Amino acid sequence: MQSEPTPQSYDPATIEVAWQAIWERDRTHEVADDLPRSQCYYVLEMFPYPSGKLHMGHVRNYTIGDAVARYKRMRGFHVLHPMGWDSFGLPAEQAAIERGAHPKAWTYENISYMRGQLKRMGFSYAWSREFACSDPGYAAREQDIFLDLVEKGLVYRKSSMVNWSTGLNTVLANEQVIDGRCWRTGTLVVQKELPQWFMRTTAYADELLAQTHQLPGWPEAVLTQQRNWIGRSQGAEIDFPLADAAGRPLAEKLTVFTTRPDTIFGVTFMSIAPEHAALDSIVPATHRAQVDAFRDETRAVSAHERTGDTAEKKGCFTGAYVINPLTKERVPLYAANFVLADYGTGAVMAVPAHDERDFAFARKYGIPIRQVIVADGAAAGELEEAFTGVGELIASAGFTGMRSDAAKEAITAKLEGDGIGRGTITWRLRDWGISRQRYWGNPIPFVYGERSGAVPLRKQDLPVTLPDDVRFDGIGNPLAKHPTWSTTGKDGQPLTVRTASGPEPARRETDTMDTFMESSWYFARFTCADDAKPLDRRRVDHWLPVDLYIGGIEHAVLHLLYARFFQKALCDIGYSSVREPFKRLLCQGMVCMESYSRELPDGKREWFYPDEVEETHDDKGKVIAARARKDGAPVQVGRVEKMSKSKRNTVDPQQLIDTYGADTARLFILFAAPPERDLEWNPDAVVGANRFLKRLWTLVTDHLAVLAAGAAFAGHARDLRGADQTVVRKVHATIKRATDAMEKDFAFNTTIAACMELMNELKPEQLSPPVFTLGVTTLLRLLAPMVPHICHELWSRLDASRDVTAAGWPGYDASQIDSDLFEYPVQVNGKLRSKITLARSLTGVALEEVVRGHAEIQRLIEGKTLRKLLVIHAKIITLVVG
RNA sequence: GCGCGCGUAGCCCAAUCGGCAGAGGCCGCCGGCUCAGAACCGGUGUGAUGGGGGUUCGAAUCCCUCCGCGCGCACCA
């Protein structure tokens, strides 16, 4: 049983709630929009999906962001630090299906609970700017923007093969397909053809790629991933005329894309995607049946199995031939399972000698392999594997002898001159399919006239709102099944579109937008959340780019690429002139914990909660065994991995707050690891964090009389001696370390360590009151961004005139850090041999003279030859003797 | 396979420009306090900085290579 807290003991529940009430009452963390930009700072954390309650990943993300926001405020910045809710999405509908809860009610109840948790953590958000994406106001403004994008030609509709999740009955983006399975449900993804709405992300492919080289504040890993995803590929399109079996050219042609036009003289066949549209007209009747069969066979397997690394390369001769435009040679055309219809032109000139896939294919089907490139200095010979490098051309007519780079250009130029090819760039990046066959999303503001087809809504007919009376049975799209919604206008009358010949009956688009749409501009809306228009350009341009954006690396190519695209699109429809939304990106690591499990006889795994397990340690404290309490039988200590419910290695933030308070949770999270690194949850270390705060509490409250009585020491350390001098130096050194750590990488862990060190030095019985006061007040100011409640509370007891935030981040005086003497380590031939103490003020030639003459140095070189003497001021003395 | 990152004490992690390997915390151990325990206070660190090689007066740090772990991409022509 815990004893009842006395007024003197640290009672986080009371002081934290009290300060949170003060911040709420005073609207402490709101910020104006008209201050000089150089004094402003926009820090943003990726807003959460309101799934029910905060998990430890959220708490870490938001703790980091809050510590930055509070730190920047103490440095005098006007900080914009908003929060909202990414509240459209599938889990709400899953809840409706499974529990009968209405998505709207479920979502807003979750928001209400989670907002309470955020406030209980003491996060310093500008709550007046809060919104949820499912709020009618936000969704309506997004529709407004959408229509502008339509106007600008950045939205279009086309029928296309889509990833269809059999688990969700909906379309998934490529990014939502992981190993051929649905990212959410893990069910199989199949290919299906549907009309879809697309955002023209490819219109910005060049800029999206180029700007990755101008984002120094982003982690290299994210930039690399985005570059891979965009996938720029420079090469040429080349036309190959079709030929009949006798080799006579036909009128039709096939165009290939290649990055290696220099290998064109090595082409011995052509391969084409089995579902390529041109095949129907190309394949002669004699081969039609088997090509169709091959296509169906290919289609039957999922995209992943088909293109996976291990998949067998298979093909089928089409009965057709093409002519190599440079050699005029006739080569066979194969349908091949590894050729993708939607990349490049869907057809590939096959050069087995210089491409691994073509090599394997040629071996399998007995197709000739003709080498046309040799590595520099090598001779042509029998190839055991494809040579995919660059080198010198052989057997390539007039291009023989050229190097690959030159040949690429020369051959492309020749093809261009002949009108049968052209240099071109192909992208891996596709347009963004945004249609979702779901209810809980933002409706796409289009209608379909009976005869006139898809028509965008007029702005005065916005917004399209979701109906509340919807049934959820988990099959198909609830919106499409609603009896009246899709055919009723805003005025309650049957929906029509205007045409030249008068109103025409129409029905609504029932697809809703991918929820990545909402998260693509919420950071802009935060700058002007009260504006009637979708965005207020003045304020958007005032605050953007976000100075620091914090979130998980799992969004490296999803959200972060869409948001970059969207920002550029917003610029081009007049809402901003800032083309990159995030100046600096911080990707925090995962929150991990040890897991315990054992294998059951049936091969399954049984997982244990930590308190179900007893560990035994050796005499150094190393864990040597673990067994389950219930049966005493051993369990395996799993590796430290991301918290997950199924592995029973989660910690509930609410429980943590209830037990230790928000400040302890914050302190542990910031102290246990640097932000980018994975954090290993350690319940013992949480207790340690709590212990530190208790000691801080006691240190201040036990000496309130002394601390509140007089001012902190403001003189110079040189005028002090003994413990007072040591502590004043320590104070300045600590401020420097803490400041450097914050400015460099937000290395809260080292900032906190420096504070712990300082506190260990603060022994009131050995210090004069002004110096002790300096130490304590410095400590409170340095810790305030990280553990704001306890620091505000203690500060208020020392100084009622202003709060600790207003007191600001302390500055330091470099001249007060170091003592007048420096103890030089002396290395002889790289080994530490001795130490000598000299005045720090000694530098340069004078310093070297003193060292040379020093008795200790003389002793070290006695009887040997001094070959070299290096004296680095305030660092080290190195002797090289022989 | 390719790309990015990481590897320091039993564990989590520090170490500005290449300059004495150790700041802080946890665990363990010892001691104080206590009838006793918890809490609290004090004390307590011997590692080839993952292996090998190189550059240097000097390498945890820079370069090469290998090993291990994590993440991402993966038939993109």
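Chain letters run A, B, ... following the sequence lines, proteins first and then strands; every chain starts at 1. It should be emphasised that the depicted structure is a prediction, and the values quoted were computed from it without experimental measurement.
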If I pick the [atom1] atom on [M] and the same atom on [N], what distance separates them, to the nearest angstrom?
{"N": "B:A60", "M": "B:G51", "atom1": "P", "value": "11 Å"}
{"N": "B:C66", "M": "B:A48", "atom1": "P", "value": "24 Å"}
{"N": "B:G3", "M": "B:A74", "atom1": "C1'", "value": "10 Å"}
{"N": "B:G25", "M": "B:C57", "atom1": "P", "value": "40 Å"}
{"N": "B:C27", "M": "B:G10", "atom1": "C1'", "value": "8 Å"}
{"N": "B:C13", "M": "B:G18", "atom1": "P", "value": "25 Å"}
{"N": "B:U56", "M": "B:U61", "atom1": "P", "value": "16 Å"}
{"N": "B:G45", "M": "B:G22", "atom1": "C1'", "value": "9 Å"}

Side chain of [X] only, please: which of [options] is the nearest?
{"X": "A:Thr750", "options": "B:A14, B:G19, B:C12", "value": "B:A14"}
{"X": "A:Ala221", "options": "B:C11, B:A77, B:C4", "value": "B:C4"}
{"X": "A:Thr259", "options": "B:A77, B:A14, B:U16", "value": "B:A77"}
{"X": "A:Pro674", "options": "B:C13, B:C41, B:G25", "value": "B:C13"}
{"X": "A:Ala685", "options": "B:A77, B:C26, B:C20", "value": "B:C26"}
{"X": "A:Lys313", "options": "B:G24, B:C75, B:C76", "value": "B:C75"}
{"X": "A:Lys736", "options": "B:C57, B:A77, B:U16", "value": "B:U16"}
{"X": "A:Lys868", "options": "B:C57, B:C11, B:C75", "value": "B:C57"}
{"X": "A:Thr258", "options": "B:A14, B:C75, B:A77", "value": "B:A77"}
{"X": "A:Arg677", "options": "B:A77, B:A14, B:C26", "value": "B:A14"}

Between A:Lys694 and A:Leu879, which has a closest nucleotide on RNA chain B that is more 5'?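 With A:Lys694 and A:Leu879 compared, the 5'-side residue is A:Lys694.
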Between A:Gln225 and A:Met756, which residue's closest nucleotide on RNA chain B lies nearer the 5′ terminus?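 Its nearest nucleotide being more 5', the pick is A:Met756.
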OP1 or OP2 of [N] sitting under 4.0 Å from any side-chain N/O of [X]?
{"X": "A:Ser233", "N": "B:A77", "result": "yes"}
{"X": "A:Asn682", "N": "B:G25", "result": "no"}
{"X": "A:Tyr824", "N": "B:C20", "result": "no"}
{"X": "A:Arg737", "N": "B:U16", "result": "no"}
{"X": "A:Arg691", "N": "B:C26", "result": "yes"}
{"X": "A:Arg357", "N": "B:C76", "result": "yes"}

Using a 4.0 Å heavy-atom cut-off, does [X] contact any base of the nucleic acid, only the sugar-phosphate backbone, or nothing at all?
{"X": "A:Arg695", "value": "sugar-phosphate"}
{"X": "A:Asn749", "value": "sugar-phosphate"}
{"X": "A:Asp358", "value": "nothing"}
{"X": "A:Gly344", "value": "nothing"}

Separation between CD1 of A:Ile735 and OH of A:Tyr812, rounded to the nearest 0.5 Å: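 So the gap between those two atoms works out to 9.5 Å.
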Verdict with supporting geometry, A:Arg295 and A:Glu275, salt bridge (Lys or Arg N to Asp or Glu O under 4.0 Å): CA-CA 6 Å; A:Arg295 181 195 59 211; A:Glu275 59 271 63; over 6 Å; no
Cut-off 3.5 Å, side chains only: do A:Gln226 and A:Thr212 have a donor facing an acceptor?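 On atom types as modelled, these side chains do not qualify, holding no pair under 3.5 Å.
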Please give the nucleotide sitting opposite B:C4 as a Watson-Crick or G-U wobble pair, both distances under 3.5 Å, or none.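 B:G70 - that is the nucleotide pairing with B:C4, both distances being under 3.5 Å.
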Who does B:U44 pair with, Watson-Crick or G-U, both distances under 3.5 Å?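 Pairing partner: B:G28.
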Looking at every non-hydrogen atom in both residues, tell me the closest pair between A:Ala556 and A:Leu560 and how far apart they are.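 Looking at all heavy atoms of both residues, the closest pair is O-CB, 3.8 Å.
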If you take all heavy atoms of A:Asn61 and A:Gly551, which pair is closest and at what distance?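 Distance-wise, the nearest heavy atoms are OD1-CA, 3.7 Å.
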Can the ring centroids of A:Phe269 and A:Tyr365 be said to lie less than 6.0 angstrom from one another?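 No: the rings miss the under 6.0 Å criterion.
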Glycosidic class, syn or anti, of B:C17 using a 90° window around 0: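 Base orientation: syn.
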More than 12 heavy atoms of other groups within 6.0 Å of A:Glu385 CD: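 Incorrect, the count does not exceed 12.
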